[in-house]
Amino acid sequence: MAAWLDLVSDATGWSLVDTGRLEEVVQDMNHPESQFPSFIYFAGNGNRIKALRALFPRNNVTRKGPAGLVRLHLSTTTARTENPIIFAESNLSSRTGLGDTEILKRSFNKSRRWSINNKLSPRFEDLQHKVIRKLIFPWTQVFCAFVDSAAEIENLKVLLQDPRERIAVGGQMVPDTMRVVIVLTANANLSIKSLNKTATKMANTNILPLNWTILDLSEREQMTPSVAFEPLRKLILNETQKVLSEQKRTHLSFSAVHLRELWYRSLQLLVELPTTSSGLDCLLAARANYPETSGMVTCYMDFLKNMVEPCFQEHDICMFLASALLMNAYPPKMHLFDPEVVFHTLYRGLIEQALINTCSELSWENVLAHFVKAFAFLKPKKPSLEVRRESMAHFYRQWGGLRSITTCLSCICRPPEHMMPCGHSICDACVVLFGTASSSAEYHTDLTLCPICGTCFQLTIRQLPPTKGPVILSLDGGGVRGIVQLGLLRALERRLGPIQIRDIPDLCTGTSVGALSEMDMVFNETSAEDGCTKFPAFAQKIFQSSTWRGKPAMLRCFELFYCVVSVLRDCQYNSTILEHNLKTILGHQRRIFDVATTNSAGCRVAIITSRSSDGKACVFANYRGIGHRGPNAAYQFLIPQNEDQNPFLWEVSFFQTKPLPGFGVFQDGGVRANNPLAIALKESEIIWPSSGKHDMLISVGTGCSVHIPEPGQTSRSSWRDSALPRMIRATLSSPCMDGEQGFREALNYVPNHIKSDIFRVNHVMSEVLPQLDDLGKLDDMSKLNFSIPDDLVRAVLVTGFFFFELDETPTQTHRSFLCQGSIFCSRPRASDILNRVLIEIPNGHFQTSRGYRLGSLQDNDGCHICGYYRKAISFSVNSLEEEISLGIANDQFYHKIGGFPKSMYGFLQAQQAFAHFGRSDYLERCWPPKRFCYCSRGTKRRVHFMEPALQQKKRRL
């Protein structure tokens, strides 16, 4: 099958059919990623077939099959060379074979049909010429037109007289390098003189390009075809070499893979934007899957602010910055566009804005000069990452300990997310760049060396799998009622066996005592069991009884007033005792944005506070997030600008008003967001914008009551029903301060399709809730019988810990797509998690939401030596856009695994299966993914082959 493009007409109008022939041609090459093909287009009368058989004798250009509008071939004699020849051919004046591909469309697995929306019914000739000018001419190096009559010349003139589509790079139109060869054969009814005159006139009116040639072969009629068309062969080779040389000089010689992807992009523009399309920008198309660069200005500004000391030389600053830009601009597989064009398109505006805002004396011209200089160092065996490594090593040797907590110095393009033991911070992308895959679990990365200063250490960072949504834990505030929250977490922990609470969430948010609990569990790696044991003694020290509580002469109005005072925590308790105990629990010198105390990191922690000036909710966190927070957000995310503004953990545990340098005065977050569910959902979108939604959110309260107080007296003369007591009662019962009420209100604004993924865990009390510092009720609350719903336990084990990835691109069968993939465990100790799943879901097995079984749930699906877990499965879907779910089930239960529901196309996008211009995390050869157990990672020597291995072994004769 050589048919490539076709036009089909039906009752709805014209449609363009793409058979996927270009994909087949690229796959037929040996090394399409490093082969740079030439594209030649033969059009005209039947003499072109004679020429093609003479020029490409090993290609069966006349084989039977659907003709269509345009046919496409790969020269078999050049398929294994660095510059293979791809040639297309079509007839410009005949409709023979038009629509053939529609008859055999079922035999083409990759065939696609695009409707061409036109208000008026166009003529076939107009559509044919439009397809050629928009989709073929932009990539054609030599256009050979076979003409024998005045009518054919006129048809050629009509084809060439309208503007041809031009490709651009960084907004700059690429010069038209297409060569036109008008071939006059033996059967021509035109004289060379008249043809030259006509061609000259066409060139003068800008119909023909500057590079055109008339080749007269009429006198070679009696020669054999190979000899007769030898001048044409030499002319084509000569012209293609000129074009290739020019493209190589201007960095526009595209590999076969890049040529294929750019052509498909131009096809998409033609069909989806037929009237407003302004051509294809190759640079922007190649960067389509990369994150936006708007947030880089802040990172550049923060970097430049740290370089104001006179010891830093301008040359070193520019080279340090230029190498970071180089690494971001040219990841592996990215086309090496002209560095000046890349800089002006992607970085110049950002650099200029950062220089102006920081009043820096540097100039963008110097940065550009070093960027071009660094580009010259790029070699096949020396990617931009190695250039960046050398630059960082040189800079650190020259100028020592430069540090920043506001930008990742490894790339200077993203905010940092993790602190390393040496004091340097790093973003998630650079974790993958400079780390190695860990043997503990999937998407765990080991960092053993700081890329900036070279310090050796051992740190494992957990990252969210791209096909999975985050698990969020939200902890309410509640004073001494925090023992209820810890009791609920302990009950969940006991149901999970060896799995502790800190292993569950990817993001943990907490207010007041909830923040204290989350910091203790995540930063100190304590269990909920330990928290329940320590909390009573801590509460006895912190919530000491007031000097006037309980006096019999005290009026009842002071009880209401006391409730407000106990919430605000302003100077009611001894601040010295409070800070001393917080330092004991959380450490004297540990800061909110700091290195993990153990050798693992990854859980994001957000602490909810509020401003004392206006009560607005504020967030201190151990991360930055790559998403955008609007200036009119309902809360403020506080980012330290330097180490002095990076508060200690004991400073952000607010039980009373407290000033923090550079930020202002803060108070307990319970007065504004005692239930941080809404903030947790928003922060999840900012940290993982590509996830779409969370997998599950667990909101844990500090107790609620079914007790309904008796209605008060109706007389307005009573103090209880006067304005101030009513305002106080309303405030204490408002969603801001009542965690249970806050959860219900927040749930009203959550989209219906994610409500089922939100779990509320609380303990209902029959009596009135104890006050926030009622130590007398502490012992009774600690003895309560706490229980956890079975659905939540199973959801944590299945949805929270398992996820799915495709192993290869789904293959199309007669009526469906066959999908082959693997189910993984996202946490270490997969065997322990599997054992708990089998306890909670006896006889569990994997299955689709439609009931199709995918295999039993066993702990021998992975490697017995290293504990690697992988369950290989296969199933079918009707289309790649169909949303499905996979889960673990038995005869009674079904629970979906993480990341679902989702379509297979969504998985392909999340796994970057279409990242033909490289990935921003610099991972190479990730599609199709290669699956190895942990014990084989880093031990197998990589073997490089010059040619693909044979499909079958040769048999000795």
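Residue numbers start at 1 and run along the sequence shown.
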Task: Contact summary for Gly170 and Leu283, nearest pair of heavy atoms - done: N-CB, 3.7 Å
TODO: With rounding to the nearest 0.5 Å, note down the distance linking CG in Asp281 to CD1 in Ile167.
DONE: 9.5 Å
Task: Flag, side chain of Thr78 to backbone of Ile85, donor-acceptor distance under 3.5 Å - done: yes
TODO: Just jot down the side chain to side chain contact (heavy atoms under 4.5 Å, CB included) partners of Glu314, sequence neighbours excluded, or say none.
DONE: Cys318, Leu362, Asn366
TODO: Could you tell me whether a side-chain N or O of Ser323 sits under 3.5 Å from a main-chain N or O of Phe320, the two making a donor and an acceptor?
DONE: yes
Task: Between Trp364 and His344, ring centroids under 6.0 Å - done: yes
Task: Between CD1 on residue Ile426 and CZ on residue Arg414, distance to nearest 0.5 Å - done: 10.0 Å
Open item on the list: Looking at Gly625, is its backbone amide N or carbonyl O close enough to the side chain of Glu417 to form a donor-acceptor pair, meaning the two atoms are under 3.5 Å apart?
Closed with: yes
Open item on the list: Classify the ring geometry of Phe337 against His335: parallel below 30°, tilted from 30° to 60°, perpendicular beyond 60°.
Closed with: perpendicular
TODO: Kindly compute the distance separating CG (Asp428) from CG (Leu464), expressed to the nearest 0.5 Å.
DONE: 9.5 Å
Task: Parallel, tilted or perpendicular, as decided by the 30° and 60° cut-offs, for the rings of Phe917 and His258 - done: parallel
TODO: Output yes when a side-chain donor or acceptor of Arg21 lies under 3.5 Å from a complementary backbone atom of Leu72, and no otherwise.
DONE: yes
Open item on the list: Rounded at 0.5 Å granularity, tell me how far OG1 in Thr177 sits from NZ in Lys242.
Closed with: 12.5 Å
Open item on the list: For a quick test of reading the model, state the closest non-hydrogen atom pair linking Phe36 to Ser255 and the distance between them.
Closed with: CD2-N, 3.4 Å
TODO: For residues Val17 and Arg113, report the shortest heavy-atom separation together with the two atoms involved.
DONE: CG2-CG, 4.3 Å
- [ ] On the 0 to 90° scale, with breaks at 30° and 60°, tag the Phe375-His251 ring pair as parallel, tilted or perpendicular.
- [x] perpendicular
Open item on the list: Keeping Lys379 on the side-chain end and Ala376 on the backbone end, is there a donor-acceptor pair under 3.5 Å?
Closed with: yes
Open item on the list: I need the minimum non-hydrogen distance between Gln911 and Leu806, along with the two atoms involved.
Closed with: OE1-N, 2.7 Å
Task: Exam field: side chain Ser384 to backbone Leu378, donor-acceptor pair closer than 3.5 Å - done: no
Open item on the list: Take a 6.0 Å sphere around NZ of Lys382 and say whether it holds more than 12 heavy atoms from other residues, nucleotides or ligands.
Closed with: yes
Open item on the list: Is the terminal nitrogen or CZ of Arg287 (NZ for Lys, CZ for Arg) located under 6.0 angstrom from the six-membered ring centre of Tyr290 and within 45° of that ring's axis?
Closed with: yes
- [ ] Verify the neighbour count for atom CD of Glu365: are there more than 12 heavy atoms of other residues, nucleotides or ligands below 6.0 Å?
- [x] yes
- [ ] For the residue pair Asn30 and Gln35, confirm or rule out a side-chain donor-acceptor distance under 3.5 Å.
- [x] no
Task: Side chains of Thr407 and Tyr300, donor plus acceptor under 3.5 Å - done: no
- [ ] Spell out, as yes or no, whether a donor-acceptor pair under 3.5 Å connects the side chain of Arg624 to the backbone of Ile405.
- [x] yes
TODO: Could you tell me the separation between the CD atom of Gln247 and the OG atom of Ser38, rounded to the nearest 0.5 Å?
DONE: 7.5 Å
TODO: Enter the distance from Met301:CE to Leu355:CG here, rounded to the nearest 0.5 Å.
DONE: 10.5 Å
Task: Parallel, tilted or perpendicular, as decided by the 30° and 60° cut-offs, for the rings of Phe87 and His73 - done: parallel
